[in-house]
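Quick notes on the structure that follows.
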Amino acid sequence: MESQKKRQAAYMKKNLLDQGYLDEQFAHLEELQDDANPNFVEEVVKSFYTDSARFIRNIEVALENGPYDFTKLDNMMYQFKGSSSSIGARRVKRQCSMFQECCYAKNIEGCRNTFQGVKQEYATLKTKLETYFQVSPSLNNSNKHLYATTLFVCLNIFSKKLFQAKLL
């Protein structure tokens, strides 16, 4: 069962990378995850979700009424793009760059249209990552269980050897 979940998680991650939803930055984040912080990647991604909701709302407000401050729009999208890059959200980052190009051209309709693309890619990635993390935490929990079991067995063996040494 555990190996099946590992294979499923690996397959899902490979698809996310192959389909361009994620890039190598996500794999680097996973390399930073260890027993001391087994939910590191999920916590970073949840922080990304929180930041993204704020960025999206701020950009929506800025796009509602003129006059349009393209420098401000570009700066907000630059922050969103940086946040997206930090987790390896490749498609979101690409859409952010397209939005910025429209800002440079002072094309408000282009900004609105590409912003819809940003939101769509973000929503799709969020759904896919939530599914991925539904599989992955069980891997962390099973690893914790395996670690605890191994520790218990080792301590038990050590205790018996210590007890035997005292008898001799």
Side-chain angles (χ1 to χ4, degrees), residues 4-143:
Q4 180 183 0
K5 288 192 178 207
K6 283 183 182 180
R7 281 194 308 269
Q8 183 180 7
Y11 177 77
M12 290 172 75
K13 181 175 138 185
K14 182 181 180 329
N15 280 340
L16 288 169
L17 291 165
D18 289 348
Q19 294 171 4
Y21 288 102
L22 296 173
D23 62 24
E24 65 281 346
Q25 179 61 28
F26 188 79
H28 293 307
L29 283 176
E30 287 191 321
E31 290 172 7
L32 296 173
Q33 187 164 290
D34 59 16
D35 290 338
N37 198 355
N39 297 320
F40 174 74
V41 176
E42 190 171 6
E43 290 169 9
V44 169
V45 170
K46 284 182 180 179
S47 177
F48 167 71
Y49 294 158
T50 301
D51 291 345
S52 297
R54 181 175 43 86
F55 291 135
I56 288 170
R57 182 65 196 133
N58 289 343
I59 294 168
E60 283 174 337
V61 168
L63 287 173
E64 283 176 0
N65 302 313
Y68 302 104
D69 185 342
F70 290 100
T71 302
K72 183 178 176 182
L73 284 166
D74 178 57
N75 287 335
M76 286 188 286
M77 190 56 73
Y78 178 79
Q79 290 176 341
F80 188 23
K81 184 168 104 176
S83 183
S84 300
S85 293
S86 72
I87 69 153
R90 175 186 259 163
R91 285 188 179 192
V92 174
K93 186 173 68 171
R94 188 175 331 133
Q95 287 292 320
C96 291
S97 293
M98 291 170 62
F99 180 95
Q100 289 182 290
E101 289 173 18
C102 292
C103 287
Y104 300 144
K106 300 191 182 316
N107 177 351
I108 194 61
E109 286 308 312
C111 287
R112 286 187 179 124
N113 291 335
T114 57
F115 186 57
Q116 293 307 312
V118 169
K119 292 192 301 183
Q120 179 61 44
E121 290 296 345
Y122 168 76
T124 301
L125 179 63
K126 185 176 180 185
T127 300
K128 289 181 178 292
L129 284 176
E130 286 172 350
T131 302
Y132 174 74
F133 287 126
Q134 286 175 359
V135 173
S136 293
S138 63
L139 297 175
N140 292 333
N141 291 336
S142 64
N143 287 342

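The residues of the chain are indexed from 1 along the displayed sequence. Heavy-atom basis, side chains included; hydrogens, waters and symmetry copies ignored. Small disclaimer: the values here were computed from a predicted structure and weren't measured.
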Task: From CA spacing to verdict: side chain to side chain donor-acceptor pair (under 3.5 Å), Q120, T124 - done: CA-CA 6 Å; Q120 179 61 44; T124 301; 3.1 Å; yes
Open item on the list: With salt bridge (Lys or Arg N to Asp or Glu O under 4.0 Å) as the rule and sequence neighbours excluded, what pairs involving residues 43-56 come up?
Closed with: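 Residue pairs with at least one partner in residues 43-56: E42-K46, D51-R54.
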Task: Counterpart residues, side chain to side chain donor-acceptor pair (under 3.5 Å), relative to K81 (two or more places apart) - done: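 In terms of side chain to side chain donor-acceptor pair (under 3.5 Å), with neighbours along the sequence ignored, K81 is linked to S97, Q100.
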Task: Partner residues of T131 under the side chain to side chain donor-acceptor pair (under 3.5 Å) criterion, sequence neighbours left out - done: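 Checked T131 against side chain to side chain donor-acceptor pair (under 3.5 Å); zero matches.
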Distance-minimising heavy-atom pair for [X] and [Y]:
X: F55; Y: M76; answer: CD2-O, 4.3 Å
X: Q33; Y: N39; answer: OE1-C, 3.8 Å
X: A62; Y: L73; answer: CB-CD2, 3.6 Å

With sequence neighbours left out, what residues match [X] under side-chain contact (heavy atoms from CB on, under 4.5 Å)?
X: E109; result: N107, R112
X: T71; result: D69, N75
X: M98; result: Q95, T114
X: K106; result: F70

As an exercise, state the distance from [atom1] of [X] to [atom2] of [Y], rounded to the nearest 0.5 Å.
X: N58; Y: L63; atom1: CG; atom2: CG; value: 11.0 Å
X: S136; Y: K13; atom1: OG; atom2: NZ; value: 9.0 Å
X: L22; Y: L129; atom1: CG; atom2: CG; value: 5.5 Å
X: S52; Y: I87; atom1: OG; atom2: CD1; value: 7.0 Å
X: Q8; Y: Q134; atom1: CD; atom2: CD; value: 10.0 Å
X: K119; Y: I56; atom1: NZ; atom2: CD1; value: 7.5 Å

TODO: Would you kindly check if the NZ (Lys) or CZ (Arg) of K126 is within the cone defined by 45 degrees around the ring axis of Y49 and under 6.0 Å from the six-membered ring centre?
DONE: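 Here K126 passes the 6.0 Å and 45° test against Y49.
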My understanding is that only residues two or more places apart in sequence, or in another chain, count here; which of them pass salt bridge (Lys or Arg N to Asp or Glu O under 4.0 Å) with [X]?
X: D18; value: K14
X: D23; value: K93
X: E64; value: R57
X: K72; value: none

Open item on the list: Does Q19 form a side chain to side chain contact (heavy atoms under 4.5 Å, CB included) with K128? I'd like the steps, not just the answer.
Closed with: CA-CA 12 Å; Q19 294 171 4; K128 289 181 178 292; 4.2 Å; yes
Would you say the side chain of [Y] lies within less than 4.5 Å of the side chain of [X], judging by non-hydrogen atoms?
X: L125; Y: R91; result: no
X: Y132; Y: F26; result: yes
X: E30; Y: F40; result: no

TODO: For F48, check ring pair (Phe, Tyr, Trp, His ring centres under 6.0 Å) against everything at least two apart and list the hits.
DONE: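 By the ring pair (Phe, Tyr, Trp, His ring centres under 6.0 Å) rule, F48 matches Y122.
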